[in-house]
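Contents: one structure, followed by commentary.
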Amino acid sequence: MIKSANLIEIFSSVQGEGKYVGCRQVFVRLTGCNLRCAYCDTKFRTQPYCNFETTAGSMKFYRIQNPISSDKVVDAVQAMINEVPTHSITFTGGEPMLHCDFIQAVANNVDTKIFLETNGTLFNELEKIIDCVDIISMDIKLPSVVGTDLFENHRRFLEIAKTKDLYTKIVISAETTTEEFLTAVKMIATTSKDILLVLQPVTPFNHIEAAAPDKLLLFQALALKHLNSVRIIPQTHKLMNVF
Ligand code: SF4
């Protein structure tokens with residue numbers, strides 16, 4: 001069934017974070033978010049137009065008025081995949097799970113893997129579309145970032161997401177406390193010790209300060225006592241100055 005959603009942009013680029021860093025993907029950025037993270041630098045508010053990249057990787061855009069139908073997105077994604085062999089299509093945001101019906105409508109009509117970049121809190125929405133998802137990049141949001149404890153939401157999300165190619169990610173800043181970090185690590189380990197955890201050093205923004213290098217190494221060492229795979233990977237797309 002055709003669905004519509006408000007989108008920010010559609011473009012072809014490299015995955016800059018996490019387990020699949022460097023892979024070529026098509027990105028579909030959706031509007032809206034259910035959280036307000038202290039370090040957020042993403043434009044996720046609804047705008048009148050969505051920016052469509054003219055050709056894959058050109059970084060040049062034309063505008064189409066929101067909302068956009070799923071069949072138009074399928075056509076745009078398929079055209080980019082035909083231009084450049086592509087690892088997967090990433091639904092990102094904002095929080096893409098706010099648009100799960102739209103994601104399902106696109107996913108059922110494109111011939112590539114479906115990758116979700118999510119804040120890992122909307123477990124009921126994930127359950128609805130889990131069958132059409134291949135890869136999940138799940139953030140764990142700590143109380144120092146969102147001002148509240150979301151661990152029970154994350155635990156329930158993990159239980160559903162673990163049936164797929166799942167990895168977790170925690171952004172580490174100068175403010176991240178050892179206590180909240182270890183609570184998150186133990187929660188992941190309770191679901192499965194084999195779930196990959198990526199520690200992503202925060203990219204300094206406004207008043208958010210970077211974590212010291214020795215803190216990153218200490219946190220990795222602490223997490224490796226509970227989980228089998230813990231990697232430190234910064235945001236590489238920002239180094240390359242690509243989207
Ligand atoms: S979940 Fe992501 S998009 Fe939403 S506020 Fe946090 S960083 Fe920004």
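Values below: every heavy atom of this structure, side chains too, minus hydrogens, waters and symmetry copies. Start at 1 with the first residue, then count along the sequence. Remember, it's 1-based here, ligands and their atoms both numbered in the order they're listed.
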All side-chain contact (heavy atoms from CB on, under 4.5 Å) counterparts of K225, not counting sequence neighbours: none
Distance criterion under 2.8 Å: protein N/O/S atoms around atom 8 (Fe) of ligand 1: 1
For K141, atoms of ligand 1 separated by under 4.0 Å from a heavy atom: 1 (S), 6 (Fe), 7 (S)
Pairs touching residues 183-199 that satisfy side-chain hydrogen bond (donor to acceptor under 3.5 Å, both in side chains), sequence neighbours left out: D194-N228
Name of the residue among D149, L142, T148 meeting side-chain contact (heavy atoms from CB on, under 4.5 Å) with V146: T148
Contacts of F181 that satisfy ring pair (Phe, Tyr, Trp, His ring centres under 6.0 Å) - sequence neighbours left out: F219
Backbone of D134 reached by a side-chain donor or acceptor of D165 within 3.5 Å: no
Lys/Arg N to Asp/Glu carboxylate O, K128 vs E125, below 4.0 Å: no
